[in-house]
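Here is the structure we will look at.
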Amino acid sequence: GDTVGMLLADAARFVAARDWYEERGIPYRRGYLFHGVAGSGKSSAVLAMASALGRPVYDLGLSDADMNESQLLSAMGAMEDGGILLVEDIDAVPVSRSRDMVATDGAKGGVTLASLLNALDGVGAPEGRLLVMTSNHPAKLDAALTRPGRVDVQIVFGPATVEQASSLFRRFYQGAAPDMADEFGRAAATREVSMAALQEHLLRHRE
């Protein structure tokens, strides 16, 4: 939709502007925060970005049980310049403000906020990288994670629109009359459901 189109256009402008950043001594990085209801297409938008730009996606699994500062630095070191760094459900990640992080099961693990911020855009962060953080609850995020310069663009992913729901209906029922797709789109939009929920509904009734 328009949201993904705007995102791809912004990312393409960034990719083409490397010399502009370097001439001005500005770190050549771009950060996005995708937030909104679950199943609204946040992760799909990341895949669309990767496909359009021809860039690899690195999923930073901060919720992994064995993730610690050493593992974090190792993961960042393996990332190529120009890659897309994805941190999904950042609001659910167990990040501590203290120097020592103790996992809930009593074993050492987790990362501190300082180590995470340093990994995201410290001196050793890859050049040209695009950071995408996703969240279902952005109000829970620490302000340091979303400050300007770390997150440059925030994009809200809401419930399915009339146009999105109608388009999905037409994909499932290609021989259906146009007014049926329009009616489905209007009905779906009034219920404020996600595209994922609509797709599951249509899959159940595909016959």
Side-chain angles (χ1 to χ4, degrees), residues 1-17 30-63 82-93 129-143 145-148 150-207:
D2 293 340
T3 298
V4 174
M6 182 274 287
L7 167 66
L8 297 181
D10 182 88
R13 283 194 298 271
F14 168 76
V15 168
R30 191 93 173 137
Y32 302 90
L33 174 63
F34 297 171
H35 59 90
V37 297
S40 57
K42 297 186 291 295
S43 298
S44 296
V46 177
L47 296 179
M49 180 193 296
S51 177
L53 300 177
R55 301 293 178 96
V57 176
Y58 297 83
D59 190 351
L60 190 60
L62 290 178
S63 296
I84 299 173
L85 179 62
L86 173 61
V87 186
E88 294 194 277
D89 298 323
I90 184 66
D91 53 89
V93 172
R129 72 104 177 95
L130 294 101
L131 167 67
V132 179
M133 295 186 289
T134 72
S135 172
N136 294 339
H137 305 285
K140 294 182 179 180
L141 299 179
D142 192 290
L145 278 170
T146 58
R147 69 158 176 78
R150 185 164 290 127
V151 169
D152 305 293
V153 180
Q154 295 195 30
I155 300 178
V156 179
F157 287 73
T161 65
V162 173
E163 293 77 13
Q164 289 171 334
S166 297
S167 176
L168 186 66
F169 185 91
R170 283 191 290 271
R171 256 187 290 159
F172 271 79
Y173 305 109
Q174 297 179 5
D179 59 339
M180 292 181 66
D182 294 340
E183 183 179 351
F184 178 83
R186 289 191 294 270
T190 61
R191 288 164 173 76
E192 295 191 348
V193 295
S194 70
M195 285 292 284
L198 287 180
Q199 179 171 284
E200 177 59 28
H201 173 79
L202 293 176
L203 281 171
R204 288 200 305 269
H205 301 285
R206 62 184 181 274
E207 302 300 333

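At a threshold of 4.5 Å between non-hydrogen side-chain atoms, the residues Leu33 and Leu141 count as touching. By the 4.5 Å heavy-atom criterion applied to side chains, Thr134 and Ile90 are not counted as neighbours. Using a 4.5 Å cut-off on side-chain heavy atoms (C-beta onward), Val46 and Glu88 make no contact. A heavy-atom distance below 4.5 Å is not found between the side chains of Val132 and Lys42. In this structure, Gln199 and Leu203 have side chains that are in contact, with non-hydrogen atoms separated by less than 4.5 Å.
Interatomic distance, Phe184 CZ to Leu202 CG, rounded to the nearest 0.5 Å: 4.0 Å. Remark: Ile155 CD1 to Leu7 CG distance equals 4.5 Å, nearest 0.5 Å. Within the model, atoms CD1 of Ile84 and CG of Leu53 stand 5.5 Å from one another, a figure rounded to the nearest 0.5 Å. The distance from atom OH of Tyr173 to atom CG of Leu168, rounded to the nearest 0.5 Å, is 9.5 Å.
The two residues Gly185 and Ala165 make their nearest non-hydrogen contact at CA-CB, 3.7 Å. Residues Ser135 and Pro138 approach most closely at OG-N, 3.2 Å, considering heavy atoms. Scanning both residues, Ala11 and Met49, for their nearest heavy atoms gives CB-CG, 4.3 Å. For the residue pair Arg186 and Val162, the shortest heavy atom distance occurs at N-CG1, 4.0 Å.
Annotation for Glu183: atom CD does not count as buried by contact number, only 12 or fewer foreign heavy atoms lying within 6.0 Å. A 6.0 Å sphere centred on CZ of Arg204 holds more than 12 heavy atoms belonging to other residues, nucleotides or ligands.
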Margin query: Let's go through Ser167 and Arg170 carefully: what are the C-alpha distance in whole Å and the side-chain angles of both, what is the deciding distance for side-chain contact (heavy atoms from CB on, under 4.5 Å) to 0.1 Å, and is it a yes or a no?
Written below: CA-CA 5 Å; Ser167 176; Arg170 283 191 290 271; 4.1 Å; yes

Next item on the list: Go through Val87 and Leu131 one step at a time and tell me if the side-chain contact (heavy atoms from CB on, under 4.5 Å) criterion holds.
Entry: CA-CA 8 Å; Val87 186; Leu131 167 67; 4.2 Å; yes

Margin query: Set out, in order, the CA-CA distance, both residues' side-chain angles and the distance that settles side-chain contact (heavy atoms from CB on, under 4.5 Å) for Leu86 and Leu60, then state yes or no.
Written below: CA-CA 6 Å; Leu86 173 61; Leu60 190 60; over 6 Å; no

Note to self: side-chain contact (heavy atoms from CB on, under 4.5 Å) for Phe172 and His201? Distances and angles first, verdict last.
What the structure shows: CA-CA 11 Å; Phe172 271 79; His201 173 79; over 6 Å; no

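Formation of a donor-acceptor pair under 3.5 Å by the Arg147 side chain with backbone atoms of Ala143 is not found in this model. A donor-acceptor pair under 3.5 Å links the side-chain atoms of Asp91 to the main chain of Asn136, judged by distance alone. Remark: side-chain polar atoms of Arg129 are paired, donor with acceptor, to backbone N or O of Arg30 under 3.5 angstrom. Of the possible polar contacts, none joining the Ser51 side chain to the Ala48 backbone as a donor-acceptor pair under 3.5 Å is found.
Pairs engaging residues 30-49 under the ring pair (Phe, Tyr, Trp, His ring centres under 6.0 Å) rule: Phe34-Phe157 [sequence neighbours left out].
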